[in-house]
Protein chains: 2
Amino acid sequence: MDKAGAGAKARRGGNGGRAQRAAQRDPERTRASILAAATVEFAENGIGGARVDAIAERAGTNKRMLYHYFGDKEQLYLAVLEEAYIGIRTAEKTLNLSDLAPEQGVAELAMFTWKYFLDHPEFLSLLGTENLHRARWLRQSTRLKELHSGFIDKLADLLDRGKAKGLFRIDVDPLNVYLTIAALGYFYLSNQHTLTTIFGRDLMDEANLEAWKRHIVQVTLASIRR
Amino acid sequence: MDKAGAGAKARRGGNGGRAQRAAQRDPERTRASILAAATVEFAENGIGGARVDAIAERAGTNKRMLYHYFGDKEQLYLAVLEEAYIGIRTAEKTLNLSDLAPEQGVAELAMFTWKYFLDHPEFLSLLGTENLHRARWLRQSTRLKELHSGFIDKLADLLDRGKAKGLFRIDVDPLNVYLTIAALGYFYLSNQHTLTTIFGRDLMDEANLEAWKRHIVQVTLASIRR
DNA sequence: CACGCCAGTAACTAAACGGTTACTTTGTCG
DNA sequence: CGACAAAGTAACCGTTTAGTTACTGGCGTG
């Protein structure tokens, strides 16, 4: 219907200044919009509840294209999962901990993780789905195996500096610190619906979100200080 | 095949000593075995991935009985969820915190929660499924709404005693303490597969499990002490 | 400038799925 | 005993689902 409307995506660069209006035919855009639609569908319904037809419709295309670009439902899911992990790994790189004082650095890491989880509920949901299936797709993905988190090494340096200054206990384990931060953020957000129902407190209220962020920082720091 | 073998379930009590061998026809047992099979199936596959035929087969019966006792797939799922919540609430009652010293009590609560999660992976999985669907069935269940956790009140008393003795900070919030304990246990276990894959450490190794239990206690206490 | 290739469409298919029907078996109670 | 109710079975049904086929239309290249 509104084919002309949107993007004005130009394929400038690389091909000698041939700036021309985007065609109705645009493989990159089609592929991207299928991926975006699939991310929503898989995040909302899990892998068993996701519908291929729904993805195609949401993407504004049809099933044939979906199979053309991604092979089948499972490979599409894998592409979604890979993109989600690439997203957080990319974001992680923007965080520079090496310039900060140890306590400040841990606080920044905690707040960064919290904000990322808060801004990307689909990532949390996909993690949940992937764990339900015992990381079946994650394990099978060569791309993702290479893409390990840089956090742990950075965090280890930060903690070492804190230990040297006598701020942190010497037996503090970097992975445990990261797991602590991730656990506090993940559980609060991913289980918000059952928790809100049972405890009758709206966890997504602005004030409560802010309080929990401070709680994560406080708990993390309290657990590593001498 | 082995119909005669197992249960020797007797319907003693309440019916005037009429102790007789369990018949092949046993509504209670059939219902229970459907429920048990459904718990496994829903926990393993989520609601969208669970198969009614698989449940019937696993239960050693057929679909007609499943529909006879539970109505439809969604009501069966609700029954499974209700039973899971009843399970943890029942277990909670065995825990007596009022006789313990404040720090000891918090430690007991943390270890109890950890052990319950560790022993009941299906409960964690069902929680995940329920949250994926925004607590749709939990909210709709009148039975579960009445069944709120007794923990928070008990914990509040315990914390108050600790505050009076000058052990805990006065601004400590009972729900936050419980969320902290639950978060640390839930995340570690429910995300074990992706975490193990990415960080290359077997989180379910006996030594690591024990270390994480101590970690939960330590973190929780460190976060509430003055 | 036409030819081949790739993006895109819509209608189709076979299998799987949730749910039902028609029927048999077993235990209970007047 | 016999009749009624509830437990149990298996075959069946209509719909939904993942995946495919047969086709159309636009774009770059030789």
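Just so we're clear, the structure is a prediction, and the values are computed from it rather than from any experiment. Order of the sequence lines fixes the chain letters, A, B, ..., with proteins taken first and strands second; residue numbering starts at 1 for each chain.
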- A:A56 near the nucleic acid: base, sugar-phosphate alone, or nothing, with a heavy-atom cut-off under 4.0 Å? nothing

- Hey, does A:A54 reach any base, or is it just sugar-phosphate, or nothing, if we go heavy atoms under 4.0 Å?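 Contact class for A:A54: none.
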
Do the side chain of [X] and the base of [N] come within less than 3.5 angstrom through a donor-acceptor pair of N or O atoms?
| X | N | value |
| --- | --- | --- |
| B:K73 | C:dG18 | no |
| A:K63 | C:dA10 | no |
| A:R64 | D:dT21 | yes |

Side-chain N,O ([X]) to OP1/OP2 ([N]) below 4.0 Å:
| X | N | answer |
| --- | --- | --- |
| A:R51 | D:dT17 | yes |
| B:H68 | D:dG8 | no |
| B:T61 | D:dG8 | no |
| B:N62 | D:dA10 | no |
| B:Y69 | D:dG8 | yes |

Check the distance between [N]'s [atom2] and [X]'s [atom1] and give it to me in whole angstrom.
| X | N | atom1 | atom2 | value |
| --- | --- | --- | --- | --- |
| A:Y77 | D:dG19 | OH | C1' | 21 Å |
| A:D72 | D:dA18 | CG | C1' | 9 Å |
| A:E57 | C:dT9 | CD | C1' | 15 Å |
| B:Y67 | D:dA6 | OH | C1' | 21 Å |
| A:R29 | D:dC27 | CZ | C1' | 16 Å |
| A:L66 | C:dT9 | CG | C1' | 14 Å |
| B:N45 | C:dC17 | CG | P | 11 Å |
| B:M65 | C:dT24 | CE | P | 16 Å |

- Query: Are the charged groups of A:R58 and A:E44 less than 4.0 angstrom apart, N to O?
  - Reply: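 Yes.
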
Would you say [Y] and [X] are linked by a side-chain donor-acceptor pair, where the criterion is simply a distance under 3.5 Å?
| X | Y | value |
| --- | --- | --- |
| B:S223 | A:H215 | no |
| B:S98 | B:N96 | yes |
| B:T196 | B:D202 | no |

- Give the nucleotide from the list D:dA18, C:dG18, D:dA22 with an atom nearest to the side chain of B:D53.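 Of all the options, the side chain of B:D53 is nearest to C:dG18.
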
- Task: Assign the ring pair A:W137 / A:H133 to parallel, tilted or perpendicular, where the plane angle (0 to 90°) is split at 30° and 60°.
- Result: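 Ring orientation, 0 to 90° scale: perpendicular.
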
